[in-house]
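A short worksheet on the structure shown next.
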Amino acid sequence: MMHILAVAGFILILVSGLIDFTSLRPILEKGIAPVLRIAYSQTLYFSFGEVIVFAMIFPYTKNVKKTALIVFSAITLNGINLMITMIVNIGALGVALTSRSAFPLLSTVQSIRFAGFLERLDVFFMLALITGGFFKIGLFFYATVLGLSHVFKLKNPSPLVFPICLFVLFYSLSLAQNYFEHVYEGLKIIPFTLHLPFQIVIPALLLVIAFLRNRKKYSPSL
């Protein structure tokens with residue numbers, strides 16, 4: 001359903017004549033260095049860090065190979081969607097407005113005018129945003145309860161649901177006073193305090209430890 005809305009919106013943006021591909025030039029005006037800097041400081045964590053959350057669910061799947069194929073296909077499709085979205089936003093709004101807008105895609109969708117009556121489609125964008133946010137929060141919450149139940153060795157994780165829910169509610173209200181504080185913390189603080197250790201450092205260390213343990217386990221005894 002989400003992809004149907006995305007494809008329909010992209011087609012309407014094209015037929016509305018909003019995209020000016022000259023806004024995309026010059027490509028790599030300042031070289032590849034700024035692109036790599038943004039990729040390693042922001043894009044590496046958003047929105048591919050959710051793979052760590054899904055890793056909590058992978059052990060419960062029956063077909064590991066099929067699950068891995070679905071995951072890599074989803075990551076590839078997500079990257080393509082982000083690339084197309086950025087191209088559409090820059091082509092429709094320009095670089096300046098895209099960089100200043102809090103939700104560039106919302107501004108792009110609001111600009112759709114087709115056949116003299118089809119307009120104000122931002123309600124579908126908000127519907128997709130709320131639906132996606134609901135499932136994302138639900139998956140994060142489920143992974144948190146599941147992880148803590150393993151840490152405390154609880155057979156029934158249900159008692160953790162209510163206290164974690166209260167903690168998330170009050171912490172979310174105190175985390176940022178407004179949207180701009182939220183963006184600042186998400187881009188400047190969280191990537192180095194949470195994303196970097198939990199998405200790169202700790203998984204890399206666990207991979208090295210698992211490799212060394214398996215190597216020692218299967219090494220022939222002399």
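This one's a predicted model, so the numbers in the text were calculated from it and none came from an experiment.
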Inset, instruction - Would you kindly confirm whether Ile202 and Ile200 end up in one hydrophobic cluster when ILVMFWY residues are joined by side chain heavy atoms under 4.5 Å apart? - result: no

Inset, instruction - Would you name the heavy atoms of Ser107 and Leu93 that are closest together and state the gap between them? - result: CB-CD1, 3.9 Å

Legend entry - Chi angles and distances behind the side-chain contact (heavy atoms from CB on, under 4.5 Å) call for Val168, Cys165: CA-CA 5 Å; Val168 171; Cys165 184; 5.9 Å; no

Inset, instruction - Give the minimum heavy-atom separation between Pro157 and Ser149, together with the two atoms involved. - result: CB-CB, 3.7 Å

Inset, instruction - Evaluate whether atom NE2 of His182 has more than 12 neighbouring non-hydrogen atoms of other residues, nucleotides or ligands under 6.0 angstrom away. - result: no

Legend entry - Given Leu82, Val88, Ile87, the one that forms side chain to side chain contact (heavy atoms under 4.5 Å, CB included) with Ile84: Val88

Inset, instruction - Check whether any side-chain heavy atom of Thr76 sits under 4.5 Å from a side-chain heavy atom of Ser73, and report yes or no. - result: no

Legend entry - From CD1 (Ile189) to OG1 (Thr193), nearest 0.5 Å: 7.0 Å

Inset, instruction - Flag the pair Ile57 / Leu139 as yes when at least one side-chain heavy-atom distance between them is below 4.5 Å, and no otherwise. - result: yes

Inset, instruction - Could you tell me whether the side chain of Val53 reaches within less than 4.5 Å of the side chain of Tyr142, counting heavy atoms only? - result: no

Inset, instruction - Return yes when atom OH of Tyr184 has more than 12 non-hydrogen atoms of other residues, nucleotides or ligands closer than 6.0 Å, and no otherwise. - result: no

Inset, instruction - Find out if a path of hydrophobic residues (ILVMFWY) with successive side-chain heavy-atom gaps under 4.5 Å connects Leu105 to Val95. - result: yes

Legend entry - Atom pair CD (Glu181) and CG (Asn178), whose distance is rounded to the nearest 0.5 Å: 4.5 Å

Legend entry - Pairwise distance CD1(Ile164) to CG(Leu169) - rounded to 0.5 angstrom: 13.5 Å

Legend entry - Atom pair CG/OG1 of Leu97 and Thr108 - distance to nearest 0.5 Å: 8.0 Å

Legend entry - Separation between CD1 of Ile80 and OG1 of Thr85, rounded to the nearest 0.5 Å: 11.5 Å

Inset, instruction - Report yes or no: does Thr61 contribute a side-chain atom to a donor-acceptor pair with the main-chain N or O of Phe58 at less than 3.5 Å? - result: yes

Legend entry - Side chain to side chain, Leu154 and Pro159, heavy atoms closer than 4.5 Å: no

Legend entry - Least distance between heavy atoms, Pro34 atom then Gly31 atom: CD-O, 3.5 Å

Inset, instruction - Determine, using the 4.5 Å side-chain heavy-atom cutoff (strictly less than), whether Phe152 and Val161 are members of one ILVMFWY cluster. - result: yes

Legend entry - Single-linkage hydrophobic cluster, 4.5 Å side-chain cutoff, Ile19 and Met83 together: yes

Inset, instruction - Identify whether Val201 and Leu194 are in the same connected component of the hydrophobic contact network (ILVMFWY, side-chain heavy atoms under 4.5 Å). - result: no

